[in-house]
Amino acid sequence: MTGKLTNRRILVGVSGGIAAYKSAELVRRLIDLGAEVRVAMTKAAQEFITPLTLQALSGKPVSTDLLNTEAEAAMGHIELARWADLIVIAPASADIISRLAKGAGDDILTTICLARRCPLAIAPAMNQAMWHNSSTQENLATLQKHNIHQFGPDKGGQACGDIGFGRMSEPDALAQEVCKCFETRALEGKRVVITAGPTREAIDPVRYISNYSSGKMGYALAQAAAEAGAHTILISGPTALASPEHVKCINVVSAEEMQEACMNQVYESQSPCDIFIASAAVADYRPIEIAKQKIKKNDQDTMMLEMVKNPDIVATIASQANSPLVVGFAAETQNLIENAKSKLAKKQLDLVIANDVSKTDIGFNSDNNAVTIITKEAITEMAERSKSQVATDIIDYVATYLTKTN
Ligand code: C5P
């Protein structure tokens, strides 16, 4: 079983305030929940806690300087902004809140925030008088208008001796708020069946034919569907991945087994299936016969293996009269949109997620993906992101599409 934040990339921003010591604990909590964490600090933050502490806890270099060529060469601020699935600034001082409200880009942290593609959250921490100051409140209202999440602050005793609002929320509570950011509830009450990974087609008792699919995309989709509130069933070929939390995982090996499990889950279950997503890389052919004994080498330089076509699982599901909303994938090396569109029509799919597998930095075994969603009505391009963020975006899109077409 994985954690609630498995595969999520969280950038923790630390600004200058006494609560900065709690950022260390927050980084640990997020990692415990499965997240990959990177940290960016303002200059003032480094007066309260050292980058070394946060580097040791996150296991990654900490970004402290916009103009440091060496650090920028390792992972520049734009790359870091693209990397993150969520940025959380904890503590967020009155000063950084003011700079964010103005759209400043005067240090590493504000620049990353300006260049981000992901949601941003702040955990304010300051003296109660600073908190109540009308300038701070106006700045917070501006951030709210820009859909920036606010976690806390709490009320209580402060480092300066005052009592009131402005204490940063505790790391545990902040980590829970971070989890909630990924829980969209867009598929509450829906039942979703997803295929993932490769299939293995046996040749004899010790050999098989398969492919390089890692299953990462399908597992990320299952995690995103569960986070969206769906009752999620993952039918997976052999992978090295752990089943996401709150997902029922059915392990299969061959295409025929996968087909049987899919038909059972989609058409023979007590509860109807609303969405079927086929992300598995199903082997197109299987050996006609599986040899009962290990095939022995002989004197011939070549050998023949006769193969038969496997069932097309997604097309079979989509061809039934009472089919759910069906989503397929098109992994192409050329003519991406054209080939994906023809797959949409030929397999009677509602949506096709097209991705260009000729690029080595995205697709198959990579942690990133860039996809185009194709329906009969529209072509929507999605920029390159982590597979978990792409999965969340696909699930959101599918949920909206389901509402529109129902
Ligand atoms: O035809 P092609 O394999 O390119 O189509 C890819 C899509 O069809 C994917 O969604 C894949 O999961 C699904 N598929 C399937 N059963 C097959 C072959 C592909 O469900 N036998």
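All values reported here derive from a predicted model rather than from experimental measurement. Each ligand, and each atom within it, is numbered from 1 in the order the structure gives.
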Next on the checklist: Gly328 versus ligand 1: do any nitrogen or oxygen atoms come within less than 3.5 Å of each other?
Outcome noted: no

Checklist entry - What about Glu332: any of its N or O atoms under 3.5 Å from an N or O on ligand 1? => result no

Next on the checklist: Below 3.5 Å, N or O to N or O, backbone or side chain included: is there any such pair between Ala280 and ligand 1?
Outcome noted: yes

Next on the checklist: Tell me if the CZ atom of Arg116 is crowded by more than 12 foreign heavy atoms within 6.0 Å.
Outcome noted: yes

Checklist entry - When you measure from atom 4 (O) of ligand 1 to every protein heavy atom, which one gives the shortest distance, and what is it? => result Lys343 NZ, 2.5 Å

Item to check | Proximity flag Asp312 to ligand 1, non-hydrogen atoms under 4.0 Å | outcome: yes

Next on the checklist: Tell me which one of Asp393, Asp85, Asn369 satisfies side chain to side chain donor-acceptor pair (under 3.5 Å) with Arg385.
Outcome noted: Asp393

Item to check | Under 3.5 Å: N/O of Pro311 near N/O of ligand 1 | outcome: yes

Under 3.5 Å, sequence neighbours excluded: what are the donor-acceptor pairs made by side chains of residues 329-336?
residue: Glu332; atom: OE1; partner: Asn339; partner atom: ND2; Å: 3.3
residue: Glu332; atom: OE2; partner: Lys343; partner atom: NZ; Å: 2.8

Checklist entry - What do you reckon, is CD of Glu381 surrounded by more than 12 foreign heavy atoms closer than 6.0 Å? => result no

Checklist entry - For atom 18 (C) of ligand 1, what is the nearest protein heavy atom, given as residue, atom name and distance? => result Val282 CB, 3.8 Å

Item to check | For atom 7 (C) of ligand 1, the protein heavy atom that lies nearest, with its residue and separation | outcome: Phe329 O, 3.1 Å

Checklist entry - Can you tell me if Ala255 has a non-hydrogen atom under 4.0 Å from ligand 1? => result no

Next on the checklist: Below the 3.5 angstrom mark, is there an N/O of Ile313, backbone or side chain, next to an N/O of ligand 1?
Outcome noted: yes

Checklist entry - Got a sec: does the CD of Gln144 have more than 12 other heavy atoms crowding it under 6.0 Å? => result no

Checklist entry - Which value, rounded to the nearest 0.5 Å, describes the distance between Arg82 atom CZ and Ile112 atom CD1? => result 13.0 Å

Checklist entry - Of Lys180, Arg8, Arg185, which is the lone residue that meets salt bridge (charged side-chain N to carboxylate O under 4.0 Å, His left out) with Glu227? => result Arg8

Item to check | Minimum-distance protein heavy atom relative to atom 20 (O) of ligand 1 | outcome: Val314 N, 2.9 Å

Checklist entry - Should Lys347 be listed as contacting ligand 1, given a heavy-atom distance under 4.0 Å as the test? => result yes

Next on the checklist: Is it true that, when you exclude Glu289 itself, more than 12 heavy atoms of the residues, nucleotides or ligands shown sit nearer than 6.0 Å to its CD?
Outcome noted: no

